Amino acid sequence: MADVHAALGGAGLRNVHVREYVRHWAELTGAAQIEVISASDDARLIGEALAEGEILPAGEGRYYSRSYVKDTARSEERTVVATSNPADKGVYNNWRPAGEMRPLLEERMRGASAGKTMYVVPYLMAPVGSPLERYAAGVELTDCRTVALHMIRMARVGVHYIDNLADQNSFVRAVHVTGDLEKLGQGTPSDQRYFVTIADERTILHFGSSYGGNALLGKIAHGLRQAAYDGWASGEFLAEQFMLIGIADKLTGKRYHVCGGFPSASGKTNLAMMLAPDALAGRYRVDFYGDDIAWLRADPDDGKIYAINPEFGVFGVAKDTSEVTNPAALASVAPGTGTLFTNVAYNDHTQEVWWEGRTPAPPADVAGWRDWTGTLISERPAEDADAPWAHPNSRFTTALANVPNVAPDFDDPRGVPIDAIIFGGRTRDREPLIRAITDLAEGVYDGLTLGAEATFAAEGVEGLLRYDPMSMRPFMSYPEGAYAAHWLKVIGSAASQPIFAHVNWFRRDPGDGHYLWPGYRDNLRPLLWLLRLKEGEVRGRQTPVGIIPAKDELDLDGIAATPEELETILSIDTPRWKQEIKHREQHLEQFAGLPEEIWQAHRRVAAALHRAD
Ligand code: OXD
Ligand code: MN
């Protein structure tokens, strides 16, 4: 049995509430040792993990790990939000009573860390001194060293973050127990895993995985689910799965900030790390703040909405990251950055890593290359010859400070004032490149009806979206009607409100299906138009679903699109929109207590489309 008090005392951890919490879980999980972690322990932990073979060297100052083959992604079915109040049940939050979930998790975790070290990881999900700091402190307990290494990259980690709390008891209790991964029945009817946020007790209990958001509890479980609940319960802020960027106009000296949500596979990370296209780089600079989470609050001093990225690092999808799609991401994982790669392909001889899309074709000489499961490429059975080398959800984990265009003020506790909030789907035919929305309720309505097209016929009806409100569907922690009302309240309380917009980089030619917009760096162009619209420098063209750029208002210097292609991406397809409105109605009807302002926004858009005939 671990000597908890000696370990915590030795690390200078005095907070008595933390001590009691660690003692409770050390006893329950049966951990053999306790070790308190600060970011300064990174080099030692890396050395130990290399010595134990938990990670492998991937060139100078970079590392590689493989997860268990059945443990490669978040599991939405096994994720639960629990509270003591049945009224907290929503459509997407998979609500269960706290009184039922806590014993279930305790039963699974009891004795499950026997013989292992329990790492105590005190962390902060905010820049130090942020007005939201009291919602940001947490202590993750994990029995997996690689998880501790990830936490050091993804959050601010150290004893001093939780030892000086104004309210010593105000920290999120985040317990991670890996379990015996080979015996958990992942994806079967007897699946043993549970990923539970007991939101009204600010307690996170995750059992049965050591991968990503299942195990790094600061990120999704605290940074999104718990924080969204806290933001609602306190009435103070919103926690959203949003990227956050700055756009600096070097000519006028003005700086703008844009945040927004995109369902998976809609290009959020690439947009967050975008560099200005060559033709515009003389005048504009894009600064990176965050690729995945933003917390938003109204500042009483100047009446603006401010956003922070609560994270300290990037846990990015490796697939398709290349010099063309995201050069900043590649630079952020360069030698010497301390990057951890997970589940990409690895070369035993050269310590190189590779993933699909990194280069147009895989390395020609397969000597030494192993796929993400550890199988030598040269020895893969014939039926697997075409299988990807890297897992589609393989990742790189690197600190924000490694991103070459990270904003100089990314650590500013106040955050940055938000000029625009964008939502982006993936739609082949209906959505224009950008449509601006100036009304708050219509903006929130647009976020609530965000979605991505079902990619396979089996997943849905052709043209029907898989709705993903505000890109928060897997992270919703309280009911959607209340969520919409909270949005109206927080953004509505700002004297100077951001403009909203819906963007779509994925419009296709109706004939041959090619993408009509080059995307990537050129996505800066519609955003510049949006900011000019907000400044009153352009007027655009009003349509039933928002304001679209007039053709001569987009800065297209250096763009190869034909006039016909531009015509299509700057138009809306009214019959398809009318179909969509019917689907939206059904989608919104699921949400009890949806504010009347949202229904009015829906009816206004529907009526305007009707008149457009
Ligand atoms: C996610 C992530 O799962 O950011 O959304 O890792
Ligand atoms: Mn995410």
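Counting convention: from 1, in listed order, for ligands and their atoms alike. Small disclaimer: the values here were computed from a predicted structure and weren't measured.
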Pair Arg507-Tyr515, side chain to side chain donor-acceptor pair (under 3.5 Å): steps then yes or no:
CA-CA 6 Å; Arg507 187 94 169 232; Tyr515 287 109; over 6 Å; no
Name the residues with a heavy atom less than 4.0 Å from ligand 1?
Arg74, Lys219, Ile220, Gln241, Asp292, Phe315, Arg395, Phe475
Should the pair Phe500 and Trp487 be assigned to parallel (<30°), tilted (30 to 60°) or perpendicular (>60°) ring geometry?
tilted
The Mn ion (ligand 2) -> Asp292, closest N, O or S atom is OD1
Given 3.5 Å as the limit, does a donor-acceptor pair link the side chain of Arg297 with the main chain of Leu238, or not?
no
Quick check: does any side chain N or O of Asp468 sit under 3.5 Å from a backbone N or O of Arg473, one acting as donor and the other as acceptor?
yes
Do any N/O/S atoms of Gln241 come under 2.8 Å of the Mn ion (ligand 2)?
yes
NZ or CZ of Arg225 within 45° of Phe475 ring axis and under 6.0 Å:
no
Taking the six-membered ring for Trp, are the ring centroids of Tyr123 and Tyr161 within less than 6.0 Å of each other?
no
Can you confirm whether Lys319 is buried at NZ, in the sense that more than 12 heavy atoms of other residues, nucleotides or ligands lie under 6.0 Å from that atom?
no
